[in-house]
There are 2 protein chains.
Amino acid sequence: MPRVSSRIPGVEGCAVERTLSLIEGKWKIIVLYKLLKGTLRFNELRRLMPLVTQRMLTHQLRELEADGLIVRTVYAQVPPRVEYSLSARGRSLEPVLMAMKEWGDTNLSSQGAQAA
Amino acid sequence: MPRVSSRIPGVEGCAVERTLSLIEGKWKIIVLYKLLKGTLRFNELRRLMPLVTQRMLTHQLRELEADGLIVRTVYAQVPPRVEYSLSARGRSLEPVLMAMKEWGDTNLSSQGAQAA
DNA sequence: CATCACGGTATCCTTTTTGACACTATGGGC
DNA sequence: GCCCATAGTGTCAAAAAGGATACCGTGATG
């Protein structure tokens, strides 16, 4: 996933593209959604998303962390304890997620939408 | 690009994911952006996005059309004339695009953001 | 007669993304 | 002594996405 999709200076969509590049990735949006409601541990996330493989979840979490959208806190315990929560930056994405959710709720009603 | 990312009924993020799945794809967002300002012909789009290959542009346009976000109008002329414009559904995505643009403008200021 | 513009297709190849599966350390419970 | 849970990692392979390049028909233009 290219962190920067376009380097052409004159492209107006640049900011949008760059924003998109942070939230595309198969499970990132769900992760952000779940974390909107509060901090979660790794396996709590897994249980909430049974279809994600461990490797994928780790991978997506690492990217979200690298992009500064989530915070990873490790507690030095022996059954390891790692908590994930939104950073301020991640929380600021809420309007974007909500705009997408509203659009989806309105335009992709119950079935697969008229043109999908 | 899977048109439907998740079929799990209980996943709240579903609408968001499905919305995302319509606008991810390397050039779709730019296309939608350009079309927000008005109808464009195929080669006008190409000239506005010099780095997109013809094949890719065609491909993205076809998908946007299949998803009902844009309308393709062919005029039976001999230098062929094909116009693309947003459908009502496509135009209704404007709040989503704008939310992303605002977030990007605010959080990805000038350089590559602090954590990218 | 050759070339250009238009709006594409077709084919092949590379890169990126995703998935399957096995493996790790540690300490506690049985 | 064996298995469980936690939070991963590593390797390999498949699938998807994207890119390079060449080609198509038509009519006007030179």
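Chain identifiers are assigned alphabetically (A, B, ...) following the order of the sequence lines, protein sequences preceding nucleic acid strands; residue numbering begins at 1 within each chain.
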At less than 4.0 Å, is any side-chain N or O atom of [X] found next to OP1 or OP2 of [N]? Yes or no.
X: B/Gln60; N: D/dG18; answer: yes
X: B/Arg47; N: C/dG7; answer: no
X: B/Arg81; N: D/dG27; answer: no
X: B/Lys26; N: D/dG19; answer: yes

What's A/Tyr84 touching, base or sugar-phosphate or nothing? Going by heavy atoms closer than 4.0 Å.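 A/Tyr84: backbone/sugar contact only, no base atoms under 4.0 Å.
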
For the side chain of A/Trp27, starting at C-beta, report the closest nucleotide among C/dG7, C/dG19, D/dG8.
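Nearest nucleotide to the side chain: C/dG19.
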
Exercise. Which of the following nucleotides, C/dG27, D/dG27, D/dA7, is nearest to the side chain of B/Val78?
Worked result: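 Within the option list, the nearest is D/dG27.
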
Requested in this report: Could you tell me whether a side-chain N or O of A/Thr19 sits under 3.5 Å from a main-chain N or O of B/Lys101, the two making a donor and an acceptor?
Outcome: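 No, because the side chain of A/Thr19 does not come within donor-acceptor range (under 3.5 Å) of the backbone of B/Lys101.
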
Would you call A/Glu83 and A/Arg81 a salt bridge, using N to O less than 4.0 angstrom?
->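 Salt bridge flag = yes for A/Arg81 with A/Glu83.
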
Practice task
Please confirm whether any donor atom in the side chain of B/Arg62 sits under 3.5 Å from an acceptor in the base of C/dT9, or the reverse.
Solution key: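 Between C/dT9 and B/Arg62, which were checked side chain against base, a qualifying N/O pair under 3.5 Å is absent.
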
Check whether the side chain of B/Arg55 and the base of C/dT11 form a donor-acceptor pair under 3.5 Å.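 Answer yes: a donor N or O sits under 3.5 Å from an acceptor.
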
message: If you compare all heavy atoms of B/Glu17 against all heavy atoms of A/Lys26, which two are closest, and at what distance to 0.1 Å?
response: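 Heavy atoms only, the tightest pair is OE2-O, 3.6 Å.
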
Please report the closest heavy-atom contact between A/Ser85 and A/Thr39, naming both atoms and the distance.
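Minimum heavy-atom separation between A/Ser85 and A/Thr39: CB-OG1, 3.3 Å.
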
